[in-house]
Amino acid sequence: MPELPEVEVTRRGIAPHVEGRRLEGARVREPRLRWPVPEDLDAILRGRRVAAVERRAKYLLLRLESSGTLLLHLGMSGSLRVVPAETPPTAHDHVDLLLEGGMVLRLRDPRRFGAVLWTPEPPERHPRLAGLGPEPLSPELTGDYLYRRSRGRRLAVKNFLMDAQVVVGVGNIYASEALYRAGIHPGREAGRVGRDRYVLLAAAVAAVLEEAIAAGGTTLRDFTSGEGAPGYFRQELAVYGREGEACPVCGRGIRKVVIGQRSSFFCPGCQR
DNA sequence: ACTGGATCCTGACTGC
DNA sequence: TGCAGTCAGGATCCAG
């Protein structure tokens, strides 16, 4: 489900309910996520206070006071909601974090590609976070950076853009959208895109992600913020999911191709 | 070192 | 209505 904007919208939705609050424990109904949920999660969390809810790439970081961080990943189908503790869980509500005051932070994830990980170390040292590329909304993402990193690379520029070692947070929807805005064909070899076009691409990535966050994310099926509101960016998507529709700029039909086993949408007139 | 493909899992949708 | 096949917002792992 979520790319960076949806994770960030979720973070902003849950943070006011979670930050500064003490955890009374955890209830794990289904530990078989991408990696097993820690068996002693309840004991680890009980009585500890959440200092901050942060985000790195598509991971949410619940930083506990003193030390230790809970890493949450939503995978393809995960979502987080803050609900009253007495709310009956539905089929795929795998983990509850019990908050003082009678609410729970509830993780739902039908496909179970998500993750709940614990680390007592500084989270940037965790194997899942070490080695990640820069945040796309930081000053580190520049055209020069993308240009340098792409030299000699023969994979499609869309796959290059979705490589978390290069830059984090750009998933299948926003990769198509950013490449459209930058006028770059998604299947072009990354190493054969020039510096000037990477400058356009870096700006396009940041712009599309910021606009999506401002719109509350993209709701395709059932994405909602931590408070249950859907995102309204879907109607702003220029190419994703719009095969056969007219390009808003040149009027030619939007095409769909499979690149790296993922559907990719582009305008054959505007993108080279 | 890079690259593409297979893989984890369930649900929604399509076509017959 | 039922059933088989296809596809889905992620990211890791593995073989070549």
Side-chain angles (χ1 to χ4, degrees), chain A residues 1-11 29-37 55-60 71-80 90-95 107-117 126-133 136 149-179 186-192 205 208-209 212-213 215-225 230-237 239-244 256-265:
Chain A
M1 176 211 314
E3 298 186 35
L4 185 146
E6 292 72 41
V7 177
E8 178 62 21
V9 167
T10 297
R11 188 192 70 76
R29 297 183 197 82
E30 174 54 84
R32 295 174 303 165
L33 302 186
R34 172 157 210 150
W35 298 282
V37 177
R55 180 188 56 72
R56 172 71 174 114
K58 296 171 190 164
Y59 285 88
L60 288 170
L71 278 56
L72 303 176
H73 198 290
L74 301 179
M76 289 277 266
S77 60
S79 59
L80 285 167
T90 57
H92 304 290
D93 291 340
H94 304 314
V95 177
L107 174 69
R108 174 184 156 84
D109 185 5
R111 292 176 76 179
R112 292 195 272 118
F113 292 169
V116 177
L117 302 168
H126 190 279
R128 300 274 72 83
L129 301 187
L132 289 178
R149 288 293 305 263
S150 62
R151 291 311 88 185
R153 303 290 304 270
R154 304 206 60 187
L155 78 171
V157 62
K158 174 163 180 273
N159 292 338
F160 172 73
L161 192 57
M162 291 174 65
D163 181 349
Q165 311 237 21
V166 173
V167 58
V168 302
V170 185
N172 202 39
I173 295 179
Y174 300 111
S176 276
E177 293 296 312
L179 288 162
R188 175 172 288 273
E189 275 185 28
R192 299 188 59 224
V205 166
V208 73
L209 295 178
I213 292 169
T218 298
T219 295
L220 288 188
R221 285 171 191 78
D222 58 358
F223 168 74
T224 60
S225 70
Y232 295 100
F233 197 70
R234 185 180 191 177
Q235 58 208 74
E236 311 297 327
L237 298 174
V239 292
Y240 186 86
R242 298 195 184 279
E243 184 184 17
K256 173 173 135 174
V257 292
V258 175
I259 299 171
Q261 304 155 273
R262 311 295 296 277
S263 290
S264 309
F265 300 84

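Treat the numbers as computed from the prediction; the structure is a model and nothing was measured. Quick note on labels: first sequence line is chain A, next is B, and so on, each numbered from 1.
Helical stems involving DNA chain C, defined as 3 or more consecutive Watson-Crick or G-U pairs under 3.5 Å, span B:2-8 with C:10-16, B:10-16 with C:2-8.
Rounded to an integer number of Å, the gap from CD of A/Q165 to C1' of C/dT12 is 11 Å. If you measure from atom CZ of A/R262 to atom P of B/dA6, you get 15 Å, rounded to the nearest angstrom. Atom CZ of A/R128 and atom C1' of C/dT12 are 7 Å apart (whole Å). Atom C1' of nucleotide C/dA11 and atom CG of A/D109 are separated by 13 Å, given to the nearest angstrom. A straight line from CG of A/L71 to P of C/dA11 spans 13 Å, rounded to a whole angstrom.
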Considering only distance and modelled atom types, tabulate donor-acceptor pairs under 3.5 Å from the side chains of residues 155-164 of chain A, sequence neighbours left out.
from, atom 1, to, atom 2, distance (Å)
A/K158, NZ, A/N172, OD1, 2.5
A/K158, NZ, A/S264, OG, 2.9
A/D163, OD1, A/Q165, N, 2.8

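Residue-environment remark: CZ (A/R151) exceeds the threshold of 12 foreign heavy atoms within 6.0 Å.
Interatomic distance, A/S176 OG to A/K256 NZ, rounded to the nearest 0.5 Å: 11.0 Å. Note that CZ of A/R108 and CG of A/L74 are 12.5 Å apart. Values are rounded to the nearest 0.5 Å. Annotation: the span from A/I173 atom CD1 to A/E3 atom CD amounts to 5.0 Å, rounded to 0.5 Å.
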At a cut-off of 3.5 Å, list every protein nitrogen or oxygen paired with a nitrogen or oxygen from nucleotides 14-16 of chain C, distance to 0.1 Å.
none

Pairs: protein N or O with nucleotides 2-4 of chain B N or O, under 3.5 Å:
from, atom 1, to, atom 2, distance (Å)
B/dT3, OP1, A/R154, N, 2.4
B/dT3, OP1, A/L155, N, 3.2
B/dT3, OP2, A/R153, NE, 2.4
B/dT3, OP2, A/R153, NH2, 2.5

Between protein and nucleic acid, restricted to nucleotides 5-7 of chain C and to nitrogen or oxygen atoms under 3.5 Å apart, what atom pairs and distances do you find?
none

Got a list of protein N/O to nucleotides 8-10 of chain B N/O distances below 3.5 Å?
from, atom 1, to, atom 2, distance (Å)
B/dC9, O4', A/R111, O, 3.4
B/dC9, O3', A/R112, NH2, 2.9
B/dC9, O2, A/R111, NE, 2.8
B/dC9, N3, A/R111, NH2, 3.4
B/dT10, OP1, A/R112, NH2, 3.1
B/dT10, O4', A/P110, O, 3.4
B/dT10, O3', A/H92, NE2, 3.2

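Listed by chain and residue number, A/Y145 satisfy the side-chain hydrogen bond (donor to acceptor under 3.5 Å, both in side chains) test with A/R149 (two or more places apart in sequence, or in another chain). The side-chain contact (heavy atoms from CB on, under 4.5 Å) search around A/R34 returns none, not counting sequence neighbours. The salt bridge (charged side-chain N to carboxylate O under 4.0 Å, His left out) test applied to A/R154 returns A/E189, not counting sequence neighbours. Checked against side-chain contact (heavy atoms from CB on, under 4.5 Å), A/P36 has no partners two or more places apart in sequence or in another chain. The ring pair (Phe, Tyr, Trp, His ring centres under 6.0 Å) check on A/F113 picks up nothing, with sequence neighbours excluded. Qualifying side-chain contact (heavy atoms from CB on, under 4.5 Å) partners for A/H94, counting only residues two or more places apart in sequence or in other chains: A/E30, A/L33, A/H92, A/D109, A/R112.
Between A/L4 and A/R55 the shortest side-chain heavy-atom distance falls below 4.5 Å. In this structure, the side chains of A/R11 and A/L60 come closer than 4.5 Å at one or more pairs of heavy atoms.
C/dC7 and B/dG5 have their P atoms separated by 15 Å, with the value rounded to a whole Å. To the nearest whole angstrom, the two P atoms, one in B/dC9 and one in C/dC3, are 24 Å apart.
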What do the steps show when you test A/V9 against A/F233 for side-chain contact (heavy atoms from CB on, under 4.5 Å), and what is the final call? CA-CA 12 Å; A/V9 167; A/F233 197 70; over 6 Å; no
Intermediate values then yes/no, side-chain contact (heavy atoms from CB on, under 4.5 Å), A/V7 and A/T10: CA-CA 5 Å; A/V7 177; A/T10 297; 5.5 Å; no
Take A/E6 and A/T218, measure what side-chain contact (heavy atoms from CB on, under 4.5 Å) needs, and give me the verdict at the end. CA-CA 7 Å; A/E6 292 72 41; A/T218 298; 3.6 Å; yes
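Backbone-only contact: A/Y240 has heavy atoms under 4.0 Å from sugar-phosphate atoms and none from a base.
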